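Read the structure below first, then the notes.
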Protein chains: 2
Amino acid sequence: MSENRLGELEEVLMLIVGILEEKAYALNITEEYEAQADRKVAIGAVHTTLNRLEKKGFLTSEMGGATAERGGRRKRIYSITASGHRALANVRDFRLTLWKQFPAFAEGKLKFVLA
Amino acid sequence: MSENRLGELEEVLMLIVGILEEKAYALNITEEYEAQADRKVAIGAVHTTLNRLEKKGFLTSEMGGATAERGGRRKRIYSITASGHRALANVRDFRLTLWKQFPAFAEGKLKFVLA
DNA sequence: ATTATTTGTTCTACAATGTTGTATAAAATG
DNA sequence: CATTTTATACAACATTGTAGAACAAATAAT
């Protein structure tokens, strides 16, 4: 019964949380997303999605301390749970399996090679 | 303005269409999905999604001939358009870029290696 | 110290995508 | 031509994605 589905934005935000680590709070995640995806996203969309991922148990969060920056309000820092990590690994493996079977993609047309 | 987004199911069904080639019709796509994803999906869900992908210009379809099987009604065969292929390649490259930056995933923990 | 400005989160409403169930259609068999 | 099998199409509902406004807390300016 491992309800394991991840939407497209959900999956990408999880990965960005994993990349940003202790700097993974909504505003920063939004900026990172826009930089990497070359695409705009509303901050509200990110908050909503992070909340839902937390409710599903794929992410946890805790309030960090306030920084000494101008307006440096306390941030809610997100991190990936064990269950979230498993879900991510599953979707990744599934997609890799499919890509391997897709003739147009499998035959040495990959620009990136992992591992 | 390249409206390039692909939902999770949309993306996977596109890949399966690419894998099945001339056998890519809804019922067969459904069975292939269930076999590969180890997960159930309603045939109606597949039809709806294929229709939407066609409307977006990522897939095309044409009716194939009736086969000589018992009950062999004519099938609607789907194939990927140039635009669909580009969209797929984009999401794949984007995700690979993210995975490479994700410490827990990037450090030799991959079971599958492409190319 | 009170007002403005900046960084940040929370809440509400709506659009797009995912899912289910049911109805319908066409071909082969008896 | 009724029954069975392989299929698609359609309608209703659930989940996920998106946008924007409201709210909160911290520093800076006056």
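Chain letters run A, B, ... following the sequence lines, proteins first and then strands; every chain starts at 1. What you see below is based on every heavy atom in this structure, not just the backbone, and it leaves out hydrogens, waters and symmetry mates. Quantities reported herein were computed from a predicted structural model and do not represent experimental measurements.
- The nearest whole Å value for the distance from the CG atom in A:Leu53 to the C1' atom in D:dT16 is 10 Å.
- Whole-Å rounding puts the B:Met14 CE to C:dT17 P distance at 13 Å.
- Put simply, CG on A:Leu13 is 9 Å from P on D:dT18, counting in whole angstrom units.
- Mapped onto DNA chain C by nearest heavy atom, A:Ala45 and A:Gly71 fall at different nucleotides, with A:Gly71 at the one closer to the 5' end.
- Remark: A:Arg39 is in phosphate contact with D:dT18, judged by side-chain N or O atoms under 4.0 Å from OP1 or OP2.
- Once rounded to the nearest 0.5 Å, the distance linking CD of B:Glu10 with CZ of B:Phe58 reads 8.0 Å.
- Side chain A:Arg52 to base D:dT15: no donor-acceptor pair is found below 3.5 Å.
- When rounded to the nearest whole Å, the span between CD of B:Glu31 and C1' of D:dT5 equals 13 Å.
- The listed nucleotides are C:dA27, D:dA11, D:dA19; the one nearest the side chain of B:Thr48 is D:dA11.
- Going from atom NZ of B:Lys75 over to atom C1' of D:dT5 covers 11 Å, rounded to whole Å.
- Taking only side-chain nitrogens and oxygens, A:Lys56 comes nearer than 4.0 Å to OP1 or OP2 of D:dT16.
- Using a 4.0 Å cut-off between charged nitrogen and carboxylate oxygen, B:Lys23 and B:Glu32 do not count as a salt-bridge pair.
- The interatomic distance linking A:Tyr33 (OH) with D:dT18 (C1') rounds to 11 Å, in whole Å.
- Considering every non-hydrogen atom in both B:Ile19 and A:Leu98, the closest pair reads CD1-O, 3.5 Å.
- Within the structure, a side-chain polar atom (N or O) of B:Tyr25 is placed less than 4.0 Å from OP1 or OP2 of D:dA7.
- Here A:Gly44 lies in heavy-atom contact (under 4.0 Å) with a base.
- Within 3.5 Å, a donor on the side chain of A:Arg73 pairs with an acceptor on the base of D:dA24, or the reverse.
- Here D:dC10 presents its C1' atom at 14 Å from CD1 of B:Ile43, a figure rounded to the nearest Å.
- Between A:Thr81 and A:Leu59 there is no side-chain heavy-atom pair separated by less than 4.5 Å.
- Contact between B:Phe105 and A:His85 at its shortest, heavy atoms only, is CE2-CE1, 3.3 Å.
- Comparing D:dT27, C:dT10, C:dG8 by their closest approach to the side chain of A:His47 singles out C:dT10.
- Between A:Gly72 and A:Glu10, it is A:Glu10 whose nearest contact on DNA chain D lies nearer the 5' terminus.
- Across all their heavy atoms, A:Ile29 and A:Leu50 have their closest contact at CD1-CD1, 3.9 Å.
- The interatomic distance linking A:Leu27 (CG) with D:dA24 (P) rounds to 19 Å, in whole Å.
- Comparing atom distances between the A:Ala42 side chain and each of D:dA26, D:dA19, C:dG8 picks out D:dA19 as nearest.
- Residue-level contact check: B:Arg76 touches the backbone only, with heavy atoms under 4.0 Å from sugar-phosphate atoms and none from bases.
- Of the candidates C:dT17, D:dA7, C:dG18, the closest approach to any side-chain atom of A:Arg5 belongs to C:dG18.
- Between A:Val46 and B:Asn28, it is B:Asn28 whose nearest contact on DNA chain D lies nearer the 5' terminus.
- Counting non-hydrogen atoms under 4.0 angstrom, A:Ala26 reaches the backbone sugars and phosphates but no base.
- If you check D:dT27, D:dG17, C:dT9 against the side chain of A:Leu9, the one that comes closest is D:dG17.
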